[in-house]
Visitor: 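Shown below is the structure under consideration.
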Amino acid sequence: MISLHDKKRILNCADTDPNKILPMKYNWAREHYKNGVANNWTPEEVPMQQDVELWKKRGGLSDDERRLILWNLGFFSTAESLTANNIVLAIYRHVTNPECRQYLLRQAYEEAVHTDTFIYCCDTLGLDPDEVYNMYRTIPSIRDKDEFVVQMTKSIFDVRFETKTTQDIQRFIHDLVGYYIIMEGIFFYAGFVMMLSFLRQNRMIGVGEMFQYILRDESVHLAFGADLTNAIVDENPEIWTPEFKKVIAENIKKGVELEIAYANDCLPRGILGLHADAIKEYVQYIADRRLERIRLPKVYGSENPFPWMSEIIDLKKEKNFFETRVTEYQTGGALDWDTAQI
Ligand code: FE
Ligand code: MN
């Protein structure tokens, strides 16, 4: 007799009840759920006084710095709700497995927190919402990234889309890689480096801390997306053909190009000790990690120019999150914000 556990599948699982989460099969989904909960935070708990002072002070920020902050807020403000919509409207319908759905619900909530973060930043800094929320149309390098994701993930948004045939399942994986690996795993990362560079200089520390929390959330989203992709491939090995792997790798490479174009656009002169060339190296480095995570060969062989980024992601959050400030992490010896070299 086949046990319930063995009958569970990620896609096309008509024989099991989507409301029966136990016994659980995909323990990684449960782990990611718990990691998400352990990372709980809300933007209003992060003070922004210093940010407001610096933002409003004449000469507090250079024109280039101000533009870089605005663009990153512009990109993230709409990208976060794009991801939330993807999860709720497209992915959830097809992934009927209850432990994966539990994670998707958690992720959807986190995307709501991220959307809330940019509302809070706009309100507190007194930004023009029409300017910020229209950047996905008015700034070409932001528009190109968003359009790429929307185009690449079109098919599973179609209400008639099903995951019955080999081709359908390939299409589903194609789009999942678009959401999780490219959007959340590549398109957010030049922005993370830029905004966390301010934090390392103790400037715009409220915004920087919020980006740090978002980065930790996103690293879990990415891990879930990669595990989901790998599990679907394992259950449907016929989809993972050399041609299909090539299509996926090409999409990721195109994503890398768009992210590098965005970084060049954000950093025309190099500020904050950052240079667009270093960001290029970094984006290639993380793209290699993403490729390997979904079992594809790496492409670039670039070194990580910002090892401090991995330290931020890897820092274990203390039990009492809001009593643990970044400066206190230093005492653990994990990170030294003042002397770390960019
Ligand atoms: Fe997010
Ligand atoms: Mn996310």
Side-chain angles (χ1 to χ4, degrees), residues 1-40 83-113 153 155-156 161-166 168-185 216-241 244-245 248 252 289-296 313-314 316-317:
M1 202 187 97
I2 302 169
S3 71
L4 173 66
H5 180 279
D6 293 331
K7 277 199 201 156
K8 276 192 167 184
R9 287 170 66 84
I10 306 258
L11 296 177
N12 306 321
C13 195
D15 328 334
T16 59
D17 182 345
N19 296 311
K20 271 189 188 150
I21 197 164
L22 292 177
M24 210 170 273
K25 178 172 182 181
Y26 305 102
N27 291 311
W28 45 265
R30 178 72 177 159
E31 268 314 297
H32 295 316
Y33 176 83
K34 286 186 185 163
N35 287 337
V37 173
N39 247 2
N40 214 53
T83 2
N85 287 333
N86 291 340
I87 295 164
V88 176
L89 298 173
I91 300 175
Y92 196 90
R93 196 159 66 89
H94 301 289
V95 176
T96 52
N97 169 261
E99 50 268 35
C100 291
R101 279 192 163 179
Q102 187 191 35
Y103 182 77
L104 289 169
L105 292 172
R106 172 72 206 180
Q107 187 190 345
Y109 167 70
E110 287 171 11
E111 302 303 356
V113 170
T153 57
S155 47
I156 73 172
F161 179 76
E162 289 189 320
T163 53
K164 296 293 174 214
T165 67
T166 300
D168 293 338
I169 299 173
Q170 283 180 331
R171 197 65 226 180
F172 190 71
I173 289 293
H174 172 278
D175 290 19
L176 266 191
V177 169
Y179 290 144
Y180 278 107
I181 309 293
I182 298 176
M183 183 61 150
E184 302 201 278
R216 289 191 193 145
D217 292 343
E218 296 302 342
S219 65
V220 183
H221 301 175
L222 171 65
F224 171 82
D227 285 338
L228 185 66
T229 302
N230 292 339
I232 295 172
V233 170
D234 285 343
E235 290 176 357
N236 306 276
E238 69 286 355
I239 69 165
W240 207 228
T241 62
F244 182 60
K245 288 191 232 182
I248 297 292
I252 293 176
R289 302 284 83 73
R290 312 299 183 245
L291 284 159
E292 290 177 318
R293 187 70 169 72
I294 55 167
R295 306 164 186 165
L296 293 172
I313 301 167
D314 294 342
K316 289 272 172 282
K317 195 174 67 64

Visitor: Using ring pair (Phe, Tyr, Trp, His ring centres under 6.0 Å) as the criterion, list what pairs up with H94, not counting sequence neighbours.
Guide: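 H94: ring pair (Phe, Tyr, Trp, His ring centres under 6.0 Å) contacts with F161, F172.
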Visitor: Side-chain contact test, heavy atoms from C-beta onward, threshold under 4.5 Å: evaluate it for Y103 versus V95 and give yes or no.
Guide: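 No; the side chains remain at least 4.5 Å from each other.
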Visitor: Is any side-chain heavy atom of D217 closer than 4.5 Å to a side-chain heavy atom of V113?
Guide: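 In short, these two side chains do not touch, never coming nearer than 4.5 Å.
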Visitor: Nearest 0.5 Å, what's the CG-CG distance between L104 and L228?
Guide: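 If I round to the nearest 0.5 Å, the distance is 7.0 Å.
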Visitor: Can a side-chain donor-acceptor contact be found between N86 and T83 if the only test is distance below 3.5 angstrom?
Guide: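 Distance-only check fails for T83 and N86.
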Visitor: Run the side-chain hydrogen bond (donor to acceptor under 3.5 Å, both in side chains) check on R9 and N236 step by step: do they pass?
Guide: CA-CA 10 Å; R9 287 170 66 84; N236 306 276; 3.2 Å; yes
Visitor: Please give me the minimum heavy-atom distance between D17 and N19, naming the atom from each residue.
Guide: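 Where D17 meets N19 most closely, the heavy atoms are OD1-N, 2.7 Å.
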Visitor: To the nearest 0.5 Å, what is the distance between OG1 (T153) and CG (L176)?
Guide: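 Output value for this atom pair is 10.0 Å.
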Visitor: S155 and R171: which non-hydrogen atoms are nearest, and at how many Å?
Guide: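 The answer is OG-NE, 2.6 Å.
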Visitor: Is there a side-chain contact between Q102 and R30 (heavy atoms, below 4.5 Å)?
Guide: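 Side-chain contact under 4.5 Å: yes.
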Visitor: Rounded to the nearest 0.5 Å, what separation is found between the CD1 atom of I156 and the CD1 atom of I173?
Guide: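 Going from CD1 on I156 over to CD1 on I173, the span is 9.5 Å.
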Visitor: Could you go through Y179 and E184, starting from their C-alpha distance and side-chain angles, then the distance that decides it, and tell me whether this counts as side-chain contact (heavy atoms from CB on, under 4.5 Å)?
Guide: CA-CA 6 Å; Y179 290 144; E184 302 201 278; 5.7 Å; no
Visitor: Return the minimal non-hydrogen interatomic distance between F224 and A29, and the atom names on each side.
Guide: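 So the minimum-distance heavy-atom pair works out to CE1-CB, 4.2 Å.
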Visitor: Indicate the atoms forming the closest heavy-atom contact of I239 with F244, along with that distance.
Guide: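 Reported closest heavy-atom pair: O-CD2, 3.4 Å.
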Visitor: Can you list every salt bridge (Lys or Arg N to Asp or Glu O under 4.0 Å) pair that touches residues 89-104, not counting sequence neighbours?
Guide: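 Every pair satisfying salt bridge (Lys or Arg N to Asp or Glu O under 4.0 Å) with a residue in residues 89-104: K8-E99.
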Visitor: To the nearest 0.5 Å, what is the distance between CG on N35 and OG on S219?
Guide: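 Spacing of CG (N35) from OG (S219) equals 8.5 Å.
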Visitor: Please report the C-alpha distance between Q107 and Y180 in whole Å, then the side-chain angles of each, then the deciding distance to 0.1 Å, and finally whether the side-chain contact (heavy atoms from CB on, under 4.5 Å) criterion is met.
Guide: CA-CA 12 Å; Q107 187 190 345; Y180 278 107; 2.7 Å; yes
Visitor: Atom CD1 of I232 and atom CD of Q170: how far apart are they, to the nearest 0.5 Å?
Guide: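 The CD atom of Q170 is 12.5 Å from CD1 of I232, to the nearest 0.5 Å.
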Visitor: At what distance, to the nearest 0.5 angstrom, does NE2 of H221 lie from CD1 of I87?
Guide: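 That separation rounds to 7.0 Å.
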Visitor: Does the R216 side chain pair with the main chain of N39, one donor and one acceptor, at a distance under 3.5 Å?
Guide: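 Flag not set: sc R216 to bb N39 has no pair under 3.5 Å.
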Visitor: Any idea how H32 and W28 line up, ring-wise: parallel (<30°), tilted (30 to 60°), or perpendicular (>60°)?
Guide: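 Tilted: the ring planes of H32 and W28 meet at 30° to 60°.
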Visitor: Check whether any side-chain heavy atom of I181 lies under 4.5 Å from a side-chain heavy atom of I248, and answer yes or no.
Guide: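 No. Closest side-chain heavy atoms not under 4.5 Å.
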Visitor: Are E218 and E111 close enough that some pair of their side-chain heavy atoms sits under 4.5 Å apart?
Guide: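 They are in contact (side-chain heavy atoms under 4.5 Å apart), so the answer is yes.
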Visitor: Taking side chain as C-beta onward, heavy atoms only, is N230 less than 4.5 Å from R295?
Guide: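 Counting from C-beta outward, N230 and R295 do come under 4.5 Å.
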Visitor: Taking only residues two or more places apart in sequence or in another chain, which ones pass side-chain hydrogen bond (donor to acceptor under 3.5 Å, both in side chains) with T229?
Guide: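 In terms of side-chain hydrogen bond (donor to acceptor under 3.5 Å, both in side chains), with neighbours along the sequence ignored, T229 is linked to no residue.
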Visitor: Kindly indicate whether the side chain of V37, heavy atoms from C-beta on, has any atom under 4.5 Å from the side chain of Y109.
Guide: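 The answer is no; the side chains never approach within 4.5 Å.
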Visitor: What residue among I10, N12, V233 forms side-chain contact (heavy atoms from CB on, under 4.5 Å) with I169?
Guide: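 Looking at I10, N12, V233, the match for I169 under the side-chain contact (heavy atoms from CB on, under 4.5 Å) is N12.
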Visitor: Can you tell if the side chain of R293 reaches within under 4.5 Å of the side chain of D227, non-hydrogen atoms only?
Guide: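 In short, these two side chains touch, coming nearer than 4.5 Å.
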